[in-house]
Visitor: 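Following this message is one structure expressed as C-alpha cells.
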Amino acid sequence: KQAFHTTSFYMSKLKLTFGCWNYDRTRALMDGSVQPDGIDLNYLNMPVEETFFRMLRHKEFDVAEMSLSSYSVSMSRDPRPFVAIPVFPSRFFRHSCIYVNANSGIREAKDLIGKKVGNPEYQMTAPVWIRGILSDHYGVPVDSVTYYTGGEEEPGRSEKIKLDLPPNIKVQSIGPEQTLAQMLLDGEIDALYTARMPSSFLKGGGKVKRLFEDYEQVERNYFKETKIFPIMHTVAIRRDVYEANRWVARSMMKALEESQKRTYEDLYETAALKAMLPWLTSHVEQVKREMGEDFWPYGFEKNEETLRTFLRYHFEQGLSKRLLKPEELFAPEALEAFKI
C-alpha cells in the first residue's frame, strides 16, 4: 500500500504593534481575550501624551490611538501618513476643563474675551472642542483671546505638529522654564483650556477654579440640546501598513467593537461590581435614560454629526486648510459592514 502523508501548513499572523492607554473598553485586546482576525497584536500600554508624540513624530507604531485633532491636521499632508477607523476610545464633555484664576475677573464665559488663555497645544482636541463650544454657545469668538502654549506641568512642551495659522489667531509660546499650571496660579494667564486637571487646581488653595462649577448639569444640558458627546481620540493605522494589508482596518474595528461590547456588559453586571463605584448601576441606568443604550457609540453613522461639528470647529480655528467631510477621515473598509 502506498502511504500518504499530509502536511499541515501554519500561516503566521501579521504582527502589529498597537499603542493605546489602559481603557476598560480596550482591555480585552490588551489581555488577549479578544484577538483581531489574522493579527498577532502587541498592545503597548502608554499614557496618551507618549503615544501621540511617538506616533506623530516618528510613526513608531503600526496602529495607535490618536488625537482627533492631530489626525485631522495630518490630513493636509501629502501623502497622508495615517488612515483612521471610526472607533473612539476617548470621549469627554469638556465644560469641566476650563480653569480660571480666581482673581482674573472671569465670572462667566463672556468674561474670557480679551484675556490670556493657556492651551498646552493649540491643536489639542480638548481645546478645539472648548473653543468651538464657547464660540457657538457662549459668544466667545475664537480670535477674541490670546493663546499661550507650552507645558502644563513640565516646561519645554511644543506643538507635535507644525501649524500654519491665520493672522487673526494669536498664539504665543511661554518661556522655556515656565509651566501653564504655575502661570495660572500666579495670574500670568487668566484661564486654561486643557485635558488634564492642572496641579494648581488641586493644590492651589482655591486660587484656581472651574469656569463652570456646576459642570455636570451644564454638560447634561449641552447633550440634551445638541446630542453631541465630544470625540477626543480615534484609532489610526500607519498608511504603509494599511496599503499593504487593507483588511487590517476591518479586523481591528471588529476587535475593538467586541472589546467595547464586553465593557458595556461589565458596567451593568450586578452580581459583583467590576468598577469601584458604589452606585455604578444607578449611574449606568441614568446615562442610558439620557443618552441611550449605546451611549459611547463607535462606527460612522452614529457619529457623523458630531464629527461634522468638530471638523467645522477645526476649520474655523485655522487648523484645517479646508472644511473636511466626516467620511474623508476613515478607511472605506470601515464605513460599512456586511449584513446577513
Side-chain angles (χ1 to χ4, degrees), residues 12-75 77 80-92 120-121 123-126 151-154 156-161 194-196 231-263 266 274-275 296 298 329-331 333-334:
S12 61
K13 294 183 176 182
L14 181 66
K15 293 182 181 295
L16 295 181
T17 56
F18 180 37
C20 190
W21 211 1
N22 176 21
Y23 299 114
D24 58 356
R25 48 241 175 235
T26 60
R27 198 164 297 144
L29 273 76
M30 187 168 67
D31 66 23
S33 56
V34 168
Q35 297 186 24
D37 296 341
I39 295 171
D40 181 3
L41 195 68
N42 181 18
Y43 191 120
L44 302 176
N45 172 19
M46 297 169 294
V48 295
E49 293 92 343
E50 180 178 358
T51 302
F52 297 170
F53 181 87
R54 293 172 65 179
M55 188 64 160
L56 290 162
R57 286 284 180 89
H58 306 296
K59 304 184 184 69
E60 290 186 44
F61 317 117
D62 300 304
V63 187
E65 172 185 15
M66 185 173 285
S67 152
L68 181 60
S69 176
S70 298
Y71 175 68
S72 299
V73 171
S74 80
M75 293 284 288
R77 293 182 180 177
R80 294 176 179 176
F82 312 108
V83 61
I85 56 177
V87 168
F88 310 109
S90 176
R91 306 180 81 123
F92 208 115
E121 297 180 41
Q123 62 85 35
M124 274 177 63
T125 307
E152 182 173 324
E153 304 293 344
E154 297 178 291
R157 180 171 178 171
S158 59
E159 299 277 355
K160 285 185 279 292
I161 298 179
T194 187
R196 283 186 180 271
I231 294 168
M232 297 295 133
H233 306 165
T234 188
V235 172
I237 306 167
R238 214 174 60 226
R239 174 70 61 174
D240 61 304
V241 173
Y242 167 72
E243 293 296 353
N245 305 277
R246 298 285 288 259
W247 55 271
V248 164
R250 174 54 63 184
S251 186
M252 284 297 300
M253 187 161 176
K254 280 175 59 181
L256 285 157
E257 287 174 331
E258 174 59 27
S259 181
Q260 188 208 34
K261 176 174 174 286
R262 296 185 183 197
T263 303
D266 284 350
K274 293 194 174 185
W296 196 298
Y298 288 176
L329 299 179
F330 304 110
E333 295 86 354

Visitor: Less than 3.5 Å apart, any donor N or O on the side chain of T26 or S259 sitting next to an acceptor on the other?
Guide: no
Visitor: Using every non-hydrogen atom in the two residues, find where T125 and L68 come nearest and quote the distance to one decimal.
Guide: OG1-N, 3.3 Å
Visitor: Can you give me the closest heavy-atom contact between A236 and M55, atom names plus distance?
Guide: O-CE, 4.1 Å
Visitor: Between atom CZ of F18 and atom CD1 of I237, what is the distance when rounded to the nearest 0.5 Å?
Guide: 10.0 Å
Visitor: Taking all heavy atoms of G38 and all of W247, pick out the closest pair and write down the distance.
Guide: O-CH2, 3.4 Å
Visitor: Sub-3.5 Å donor-acceptor pair from the side chain of Y71 to the main-chain atoms of T234, do we have one?
Guide: no
Visitor: Any Lys/Arg nitrogen of K254 or E258 sitting under 4.0 Å from an Asp/Glu carboxylate oxygen of the other?
Guide: no
Visitor: Drop me the distance from D266's CG to Q260's CD, to the nearest 0.5 angstrom.
Guide: 12.0 Å
Visitor: Is there a donor-acceptor pair closer than 3.5 Å between any side-chain N or O of T51 and the backbone N or O of G19?
Guide: no
Visitor: Spell out, as yes or no, whether a donor-acceptor pair under 3.5 Å connects the side chain of E65 to the backbone of V48.
Guide: no
Visitor: Is the shortest side-chain heavy-atom distance between R250 and D37 below 4.5 Å?
Guide: no
Visitor: Checking side-chain contact (heavy atoms from CB on, under 4.5 Å) against V83, which of R238, E333, R239 comes through?
Guide: R239
Visitor: For residues Y298 and R25, determine if any side-chain heavy atom of one lies less than 4.5 Å from a side-chain heavy atom of the other.
Guide: yes
Visitor: Within this structure, what is the CD-OG distance for the pair Q35 and S251, rounded to the nearest 0.5 Å?
Guide: 10.5 Å
Visitor: Which heavy atom of V235 sits nearest a heavy atom of P89, and at what distance?
Guide: CG2-CD, 4.0 Å
Visitor: Using a strict 4.0 Å threshold on nitrogen-to-oxygen distance, state whether E49 and R196 make a salt bridge.
Guide: yes
Visitor: In Å and rounded to the nearest 0.5 Å, what is the OG to CG distance from S74 to L329?
Guide: 9.0 Å
Visitor: Would you confirm whether D40, through its side chain, and K13, through its main-chain N or O, come within 3.5 Å as a donor-acceptor pair?
Guide: no
Visitor: Side chains of F82 and L56, heavy atoms from C-beta outward: is any pair under 4.5 Å?
Guide: yes
Visitor: Is the shortest heavy-atom distance from the side chain of I39 to the side chain of M252 under 4.5 Å?
Guide: yes
Visitor: How long is the span from the CG atom in D24 to the NZ atom in K274, to the nearest 0.5 Å?
Guide: 11.5 Å
Visitor: After noting the C-alpha distance and the side-chain angles of D62 and T17, does the key distance pass the side chain to side chain donor-acceptor pair (under 3.5 Å) rule?
Guide: CA-CA 5 Å; D62 300 304; T17 56; 3.2 Å; yes
Visitor: For the residue pair V34 and A255, what are the closest heavy atoms and their distance?
Guide: CG1-O, 3.6 Å
Visitor: Quick one: CZ on R54 to CZ on F61, what's the gap to the nearest 0.5 Å?
Guide: 4.0 Å
Visitor: Answer yes or no: is there an ion pair linking E152 with R157, defined by an N-O contact shorter than 4.0 Å?
Guide: no
Visitor: Using side-chain heavy atoms (C-beta onward) and a distance below 4.5 Å, is S67 in contact with M124?
Guide: no
Visitor: Could you tell me whether the side chain of M253 reaches within less than 4.5 Å of the side chain of F330, counting heavy atoms only?
Guide: no
Visitor: Quick one: does E121's side chain have a donor or acceptor within less than 3.5 Å of a partner on K160's backbone?
Guide: yes
Visitor: Is there side-chain contact between I85 and L256, with at least one heavy-atom pair below 4.5 Å?
Guide: yes
Visitor: Could you check N22 against M30 for side-chain contact (heavy atoms from CB on, under 4.5 Å), going step by step and ending with a plain yes or no?
Guide: CA-CA 8 Å; N22 176 21; M30 187 168 67; 3.1 Å; yes
Visitor: Where is the tightest heavy-atom contact between Y23 and H233, given as atom of each residue plus distance?
Guide: OH-ND1, 3.6 Å
